[in-house]
Amino acid sequence: MPDFWTRTLVPTLRQAPGDAEVPSHQLMLRAGLIHKLGSGSYGYLPLGLRSLEKVCRIIREEMHAAGAAEVVTPCLQPIDLWERTGRRAAYGENLFVVEDRHGRTSALGPTAEEVITDLVGHCIKSYKDLPKCVYQIQTKFRDEFRPRFGVLRSREFLMTDGYSFHTHIEGPGGIDEEYENQYAAYERIFNRCGLDYVVVDAETGEMGGRASHQFTVLTPVGEDTIFSSDKGNYAANLEKAGTGTRPHDFAGEPTGEIEKVHTPDCPGIDDVQTFFKKQLGTKLKPQNMLKTIVCCMTAADDDPDPTQAKNPWYLLAVVRGDHEVNDEKLKAVAEAFLGEGARAGMAPEKLATADGFKLGFVGPHAAVGRDDTVVAVDPDAAQGGFWVTGANEVDHHIKHFNWQRDLIDADGRAAPGSGAAGTQTYTVYAEAYPRSAYADAHLWPEHAPPPDVDTSNDTSQPNPKRLVCMDLRNAIDGDPSPLNDGGTLKAARGIEVGQVFKLGRKYTEGLGVTVTGENNEPITPLMGCYGIGVNRVLAAAIESQGEKNQGHDESGIIWPVAIAPYAVCITPIAWDDDSQVADVCKNLAAKIADAGYDVIIDDRDERPGVKFKDADLVGFPLRITVGDKGLSGDTATVELKARDGRNGPKGEAVPLQDAVKIAVELLNA
RNA sequence: CGGGGUGUAGCUCAGCUUGGUAGAGCGCUUCGUUCGGGACGAAGAGGUCGCAUGUUCAAAUCAUGUCACCCCGACCA
């Protein structure tokens with residue numbers, strides 16, 4: 001029994017609701033795939049659900065082939081689990097928290113590391129039980145600040161989340177092996193879904209851990225910014241993207257005497273720029289300003305809260321006014337000074353103010369004479385030339401800041417034996433030092449490990465290492481590739497559809513999961529974690545406008561065969577239950593179904609034009625038109641039309657007897 | 001959470017400035033003519049104008065409050 005249009009629910013819309021802005025959202029609504037219930041929550045109608053289920057099926061097949069076992073865990077998760085791993089605070093407001101009638105608190109799972117770790121932890125006893133890899137496909141909940149773009153960022157969504165457990169890193173059964181295995185499975189999954197995607201080097205973010213890759217579909221509406229080298233050998237997201245060596249020069253000649261400017265109520269770059277323009281009539285470009293962010297660093301074994309830490313450092317992060325400080329690169333500075341696991345973050349306002357920093361009006365020379373402060377400068381800021389920066393005095397900025405004169409020479413400790421101009425007397429650890437070298441050395445064998453760092457707090461001696469020049473800012477379009485192979489980074493927007501992580505022991509340690517080792521010793525397993533946003537796969541497929549795949553055009557969606565609601569739509573002209581046309585349609589449907597493709601017959605009592613338009617809108621890969629006209633000739637014919645008209649039939653008549661064979665060949669291609 | 005915006009028929013929107021008791025297009029129903037790329041004609045159904053309070057003889061319209069939704073930013077599958 002084929003599926004009939006009149007028996008399912010396909011409320012197509014001629015106009016998209018006004019609150020839908022991006023193509024995938026508009027088309028999913030117009031094609032009757034989804035229905036919005038509230039902000040960030042969408043129901044799936046029959047056609048949308050069919051596509052979603054097809055993606056799930058592909059995922060299940062590939063997970064099975066990859067040796068992962070499917071489980072389902074509760075969405076309702078005791079809050080206790082989240083507190084034990086410290087993630088209740090880390091997740092913060094994004095965590096949906098509910099209280100039951102007894103006053104017990106639970107979280108609606110936004111992800112399942114805790115729950116799975118708990119589950120698997122109870123099932124494994126011995127190192128012989130490892131490795132294990134389990135996964136689930138389950139609804140997740142996140143109280144997003146701002147749901148948007150339809151199913152691309154919703155508060156309730158379907159996620160495939162896989163987790164693996166290991167005793168060791170390398171070799172058979174190690175986490176590296178499973179990571180590669182899952183990575184490959186993800187490539188197969190997204191290939192089968194017909195997505196045009198790139199794999200980018202990613203930050204591990206809240207997950208913690210040591211390595212991560214993101215699977216990203218390039219599209220202008222994407223929320224992620226990714227950078228890829230035009231040499232094709234490097235791709236990373238904004239948080240992670242390094243930059244190649246950029247020249248720097250602390251020794252440039254001053255452009256003039258320091259000139260203090262009264263800039264009332266202008267703590268920001270924009271404020272200063274506007275002030276210069278309106279009040280002083282001078283055009284001041286952000287790239288001639290130095291942005292100095294007051295940060296605190298603490299070592300891994302110290303208290304993360306700088307106000308509580310035993311030995312906190314200030315870190316003045318200096319970037320050009322038109323650039324953005326990158327938090328992860330900041331962390332790299334902290335690690336270079338205070339060792340692995342060191343943290344860096346914006347200094348608490350009260351603390352910094354109490355310690356004499358005039359927030360909003362800080363310049364690099366605030367470090368002069370301070371024993372607790374390190375200055376880290378991005379190469380683009382570490383230049384000679386004309387600089388405007390904070391005067392270290394409330395409501396004042398200075399013009400003609402000069403590195404050599406106003407910081408290096410001014411701070412006797414920072415420039416031992418300073419001599420001829422142009423001689424670098426400060427220490428540059430590593431310009432544009434690639435972050436990845438810290439994160440996962442094996443990915444970057446060509447880079448040396450971090451240099452030794454003098455972390456002594458001995459202030460009696462000059463410490464030239466308190467001024468460093470390192471890659472500090474977010475990458476921008478046109479930056480040199482961090483591989484330093486002459487490649488140039490290009491920026492593009494993308495939708496993240498999947499991500500793989502090496503997690504480490506954060507959760508097993510947090511929840512006290514151990515197995516018994518060979519010598520009766522307790523082993524805390526290592527974990528990997530792998531996720532796919534299933535709804536996003538649909539939206540990304542529709543959104544995609546790549547060379548290979550075009551997910552939509554002005555008429556509607558263009559589905560890849562593998563995830564289309566139906567592979568084939570049979571469009572009878574003038575349907576009548578007992579007609580010859582109906583017989584032919586049902587016959588064709590049955591044969592195509594036998595060949596393994598699903599079919600819907602548009603048996604509505606509509607004019608052909610309406611049916612054609614709707615079929616285009618929904619985006620069935622292949623349409624077969626059956627009409628009296630074709631059936632009445634000497635040889636009965638039907639017409640085949642591929643939705644993606646770039647390759648495939650455009651509505652040519654084919655003999656009825658060959659129709660199924662041709663159709664199946666097209667779908668297999 | 002800051003900034004901006006919108007709530008009027010299933011969908012898109014007009015009406016609001018200058019209060020006078022509700023409109024258009026699409027969709028829907030019925031009939032007729034049609035029927036190979038969103039047909040035409042005729043006749044209909046459908047809205048306590050997001051909600052509450054206030055001002056007024058009178059509120060979609062003015063005021064206050066509230067809720068919802070959307071966009072931009074900061075966070076993220």
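Because only heavy atoms are used, hydrogens play no part in the values below, and waters and symmetry mates are left out as well, while side chains stay in. So that the names make sense, note that chain A is the first sequence line, chain B the second, and so on, each numbered from 1.
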- [ ] Return the nucleotide paired to B/U17: Watson-Crick means purine N1 to pyrimidine N3 with N6-O4 or O6-N4, wobble means G-U with N1-O2 and O6-N3, both under 3.5 Å.
- [x] none
Task: Distance under 6.0 Å and angle within 45° of ring axis: A/R604 vs A/W5 - done: yes
Open item on the list: Pairing check on B/C69: which nucleotide meets the Watson-Crick or G-U wobble criteria with it, both distances under 3.5 Å?
Closed with: B/G5
TODO: Tell me whether the OP1 or OP2 atom of B/G37 has a side-chain N or O from A/K641 closer than 4.0 Å.
DONE: no
- [ ] Return the stacking result for B/C1 and A/F145: yes when the ring centres lie under 5.5 Å apart and the planes under 30°, no otherwise.
- [x] yes
Open item on the list: Strictly by Watson-Crick or wobble contacts shorter than 3.5 Å, is anything paired with B/A74, and which nucleotide is it?
Closed with: none
Task: Over all atoms of both residues, closest heavy-atom pair of A/Y186 and A/G531 - done: OH-N, 2.9 Å
TODO: Using a 4.0 Å heavy-atom cut-off across all strands, classify A/E93 as base, sugar-phosphate, or nothing.
DONE: nothing
TODO: Take A/E113 and A/R87 through the salt bridge (Lys or Arg N to Asp or Glu O under 4.0 Å) test and state the conclusion after the steps.
DONE: CA-CA 10 Å; A/E113 283 80 8; A/R87 282 174 104 203; 3.1 Å; yes
- [ ] With heavy atoms under 4.0 Å as the rule, sort A/D616 into base, sugar-phosphate or nothing.
- [x] base
Task: Side-chain N or O of A/T111 closer than 4.0 Å to phosphate OP1/OP2 of B/A77 - done: no
TODO: Assign A/S555 to base, sugar-phosphate, or nothing according to its heavy-atom contacts below 4.0 angstrom with the strands shown.
DONE: nothing
- [ ] If a protein heavy atom is under 4.0 Å from the base, mark B; if only from the sugar-phosphate, S; if neither, -; do that for nucleotides 6-15 of chain B going 5' to 3'.
- [x] -----BSS--
Taking only nitrogen or oxygen atoms into account, show me every contact under 3.5 Å that the protein makes with nucleotides 44-46 of chain B, one pair per line with its distance.
none

TODO: Give, ordered by number, those residues of residues 617-630 of chain A having at least one heavy-atom distance below 4.0 Å to an atom of RNA chain B; if nothing qualifies, reply none.
DONE: A/R623, A/T625, A/G627, A/K629, A/G630
- [ ] Report which part of the nucleic acid A/D614 touches: base, sugar-phosphate, or nothing (heavy-atom distance under 4.0 Å, all strands).
- [x] base
TODO: Determine the Euclidean distance between corresponding P atoms of B/A68 and B/A74; express it in Å to zero decimal places.
DONE: 25 Å
Open item on the list: For a quick test of reading the model: is some side-chain N or O of A/R607 closer than 4.0 Å to OP1 or OP2 of B/G38?
Closed with: no
Open item on the list: Would you say the rings of A/F620 and A/W559 are close, in the sense that their centroids are separated by under 6.0 Å?
Closed with: no
TODO: Classify the angle between the aromatic ring planes of A/Y197 and A/F215 as parallel (below 30°), tilted (30 to 60°) or perpendicular (above 60°).
DONE: tilted
TODO: Pick base, sugar-phosphate or nothing for A/K611, based on heavy-atom distances below 4.0 Å to the nucleic acid.
DONE: nothing
Open item on the list: Between the side chains of A/D616 and A/R623, is the shortest nitrogen-to-carboxylate-oxygen separation below 4.0 Å, so that they form an ion pair?
Closed with: yes
Output side-chain donor-acceptor pairs under 3.5 Å for residues 154-161 of chain A, partner residues at least two apart or in another chain, one line each.
| unit_1 | atom_1 | unit_2 | atom_2 | d |
| --- | --- | --- | --- | --- |
| A/S154 | OG | A/E156 | O | 3.0 |
| A/R155 | NE | A/S39 | O | 3.1 |
| A/D161 | OD1 | A/K140 | NZ | 3.0 |
| A/D161 | OD2 | A/Q136 | NE2 | 3.1 |
| A/D161 | OD2 | A/K140 | NZ | 3.3 |
| A/D161 | OD2 | A/Y163 | OH | 2.6 |

Task: Pairing nucleotide - B/G44, Watson-Crick or G-U, each distance under 3.5 Å - done: B/C28
Task: Heavy-atom neighbours of A/R188 CZ exceed 12 at 6.0 Å - done: yes
Open item on the list: Output the rounded distance in Å from CZ (A/F149) to P (B/A77).
Closed with: 16 Å
Open item on the list: Rounding to an integer number of Å, can you tell me how far A/E328 CD sits from B/C75 P?
Closed with: 12 Å
Output one line per pair: protein atom, nucleotide atom from nucleotides 2-5 of chain B, and distance, for all N/O pairs under 3.5 Å.
none

TODO: Examine B/G73: is either OP1 or OP2 under 4.0 Å from a nitrogen or oxygen in the side chain of A/R148? Give yes or no.
DONE: yes
TODO: Using the P atom on both, measure B/A60 against B/G41 and round to a whole Å.
DONE: 34 Å
TODO: For A/P147 and for A/L152, locate the closest nucleotide of RNA chain B by heavy-atom distance; then report the residue assigned to the nucleotide nearer the 5' terminus.
DONE: A/P147
TODO: With the side chain of A/E223 defined as its heavy atoms from C-beta on, choose the nearest nucleotide among B/C71, B/C75, B/G38.
DONE: B/C75
Task: Set of ring-ring contact (aromatic ring centres under 6.0 Å, His included) partners for A/F275, sequence neighbours left out - done: none
Task: Candidate nucleotides B/A39, B/A77, B/C28, ranked by approach to the side chain of A/V610 - the nearest - done: B/A39
Task: Nearest-nucleotide 5' precedence on RNA chain B, A/G533 against A/A20 - done: A/A20
Open item on the list: Which heavy atom of A/L330 sits nearest to which heavy atom of A/A317, and what is that distance?
Closed with: CD1-CB, 3.5 Å
Task: Residue A/F612, side-chain atoms from C-beta onward, closest of B/A77, B/G37, B/G38 - done: B/G37
Task: Pairing nucleotide - B/U33, Watson-Crick or G-U, each distance under 3.5 Å - done: B/A39
TODO: Name the pairing partner of B/U64, where a pair is Watson-Crick or G-U wobble with both distances under 3.5 Å, or state none.
DONE: B/A52
TODO: Locate the shortest heavy-atom distance separating A/D628 from A/V581; write the atom from each residue and the value.
DONE: OD1-CG2, 3.3 Å
Open item on the list: Apply side-chain contact (heavy atoms from CB on, under 4.5 Å) to residues A/I116 and A/V134 and explain how you reach the verdict.
Closed with: CA-CA 8 Å; A/I116 292 274; A/V134 298; 3.9 Å; yes
Open item on the list: Which residue in the set A/D196, A/I495, A/D224, A/I226 passes side chain to side chain contact (heavy atoms under 4.5 Å, CB included) when paired with A/L218?
Closed with: A/I226
Open item on the list: The side chain of A/E496 is closest to which nucleotide in this list: B/G37, B/C69, B/A77?
Closed with: B/A77
Task: A/H213 and A/Y183 aromatic ring geometry - parallel, tilted or perpendicular at 30°/60° bounds - done: perpendicular
